[in-house]
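Position 1 is the first residue of the sequence; numbering continues from there. Source: prediction; values computed, not measured.
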Amino acid sequence: MTITSPHLGSPSNAWTDARLLYALEEVVERELDRHLKVAKDWMPHEYVPWSDGRNFPGLFEDGEAWDKEQSKVTDIGRTALVVNLLTEDNLPSYHHEIASLFGRDGAWGTWVHRWTAEEGRHGIVMRDYLLASRAVDPDQLERFRMAHMSEGFESDNRHSMLHSIAYVAFQELATRISHRNTGHQSGDPVCDRMLARIATDENLHMVFYRNLLKSAFELAPDLTMQAVRDVVVNFRMPGHGIPGFERAAAQMAIGEVYNMRIHHDDVLEPVLRFLKIMEIDGLGPEGLQAQEELGVFMGGLDAEALKFDERLAARKARMAARAAG
């Protein structure tokens with residue numbers, strides 16, 4: 001794909017993904033060094049309650065069938081844990097997507113492999129926790145995993161490096177928030193600690209991409225503004241292809257794990273505020289239009305979130321009244 005900034009004047013100065021990758025290489029190297037200095041090594045097995053584990057039916061005569069009463073995890077915690085783990089399970093596809101886009105050489109390649117290794121820990125510790133603590137039905141979890149991964153994954157933003165960087169800057173923060181809130185709502189302190197550890201990694205990943213996005217604004221402000229506008233307006237989580245995702249997402253919204261208000265206040269706003277998105281000047285006509293459309297969208301999303309807040313408060317009041325009666 002070839003993209004041209006109005007600031008560059010002539011077609012010979014057209015930005016391509018290859019030129020942008022080269023131009024951002026130094027930033028990636030700097031951010032990679034910073035990441036490696038602040039990231040803490042941790043062992044997935046140390047977060048799993050192995051002593052709670054026992055055999056399931058199958059090869060073992062003493063196998064005990066799963067029952068949700070065997071775990072202290074709440075219903076909303078169970079739903080969110082399955083969604084979060086199945087999202088992590090698609091790591092092979094995510095790696096393929098970003099390795100194809102960012103490459104496997106130099107600082108970009110080092111980051112791609114490091115990111116993949118760190119994300120791999122998340123799926124390992126979550127699955128081990130779920131099975132050892134009997135938080136979810138293991139047969140259903142495996143059927144969901146097979147169905148989800150068999151569909152494959154194709155990024156909505158694979159056509160453009162800038163769109164992909166913009167997307168992951170928001171998506172990594174969204175994942176962090178989803179994991180953190182799942183822990184809070186899980187009803188199990190062990191689960192909460194595990195997901196807090198994962199959320200710390202996700203936050204560092206967000207910082208990497210957010211800083212990269214800021215540098216992209218310095219290089220190609222109009223194009224980057226358009227990419228951010230497109231990503232924010234059309235944003236959806238990578239787990240949208242999970243079986244039953246819509247129903248699970250609705251339950252997670254009501255359960256205050258992830259909903260419109262959280263998406264606006266805790267995901268979109270912090271990144272846009274850091275980038276000072278509405279203060280960027282010197283934009284050409286297309287960049288200015290994208291900036292204006294972004295502001296209009298955020299205002300509309302806030303209004304929709306307010307309506308959701310009111311419906312959720314009314315639902316809580318009804319449930320409290322029923323419980324009191």
Considering only heavy atoms from C-beta outward, does the side chain of [X] approach that of [Y] to under 4.5 Å?
X    : Y    : answer
V207 : N211 : yes
V112 : R104 : no
T182 : I76  : no

Check for a donor-acceptor pair, side chain of [X] on one end and backbone N or O of [Y] on the other, with a separation under 3.5 Å.
X    : Y    : result
N157 : S164 : no
N90  : S93  : no
E119 : E88  : no
D222 : G287 : yes

Check the side chains of [Y] and [X] for a donor-acceptor pair under 3.5 angstrom, ignoring hydrogens and angles.
X    : Y    : value
W108 : Y22  : no
D52  : Y129 : no
Q289 : Q226 : no

Should the pair [X]-[Y] be classified as a salt bridge under the 4.0 Å nitrogen-to-oxygen rule?
X    : Y    : result
K37  : D33  : no
R78  : D137 : no
D67  : R134 : no
E142 : R145 : yes

Does a sphere of radius 6.0 Å around [atom1] in [X] hold more than 12 heavy atoms from other residues, nucleotides or ligands, not counting ones at 6.0 Å or beyond?
X    : atom1 : answer
D105 : CG    : no
M278 : CE    : yes
Q70  : CD    : yes

Who pairs with [X] by ring-ring contact (aromatic ring centres under 6.0 Å, His included), at least two apart in sequence or on another chain?
X    : value
F245 : none
W50  : none
F170 : none
Y94  : F153

Exercise. Would you mind listing every ring-ring contact (aromatic ring centres under 6.0 Å, His included) that reaches into residues 51-81, with sequence neighbours excluded?
Key: none
Practice problem: Scan for ring-ring contact (aromatic ring centres under 6.0 Å, His included) pairs involving residues 263-283, sequence neighbours excluded, and state none if there are none. | Solution: F235-H263, Y258-H263
Name every donor-acceptor pair, under 3.5 Å, that has one atom in a side chain of residues 311-325 and the other anywhere in the protein, sequence neighbours excluded.
residue, atom, partner, partner atom, Å
K316, NZ, E256, OE2, 2.7

Quiz item: Atom OG in S186, atom CG in L81: separation rounded to 0.5 Å?
Solution: 7.0 Å
What pairs with [X] under side chain to side chain donor-acceptor pair (under 3.5 Å), at least two apart in sequence or on another chain?
X    : answer
R176 : N203
N234 : none
T87  : none
D89  : R127

Self-check item: Option from R121, H122, R114 for which side-chain hydrogen bond (donor to acceptor under 3.5 Å, both in side chains) with E118 holds
Solution: R114
Quiz item: Can you check side-chain hydrogen bond (donor to acceptor under 3.5 Å, both in side chains) on N84 and S178, steps first, answer last?
Solution: CA-CA 8 Å; N84 291 355; S178 181; 3.2 Å; yes
Practice problem: Name all residues meeting the side chain to side chain contact (heavy atoms under 4.5 Å, CB included) criterion together with P57; count only those two or more places apart in sequence or in a different chain, and write none if there are none. | Solution: A65
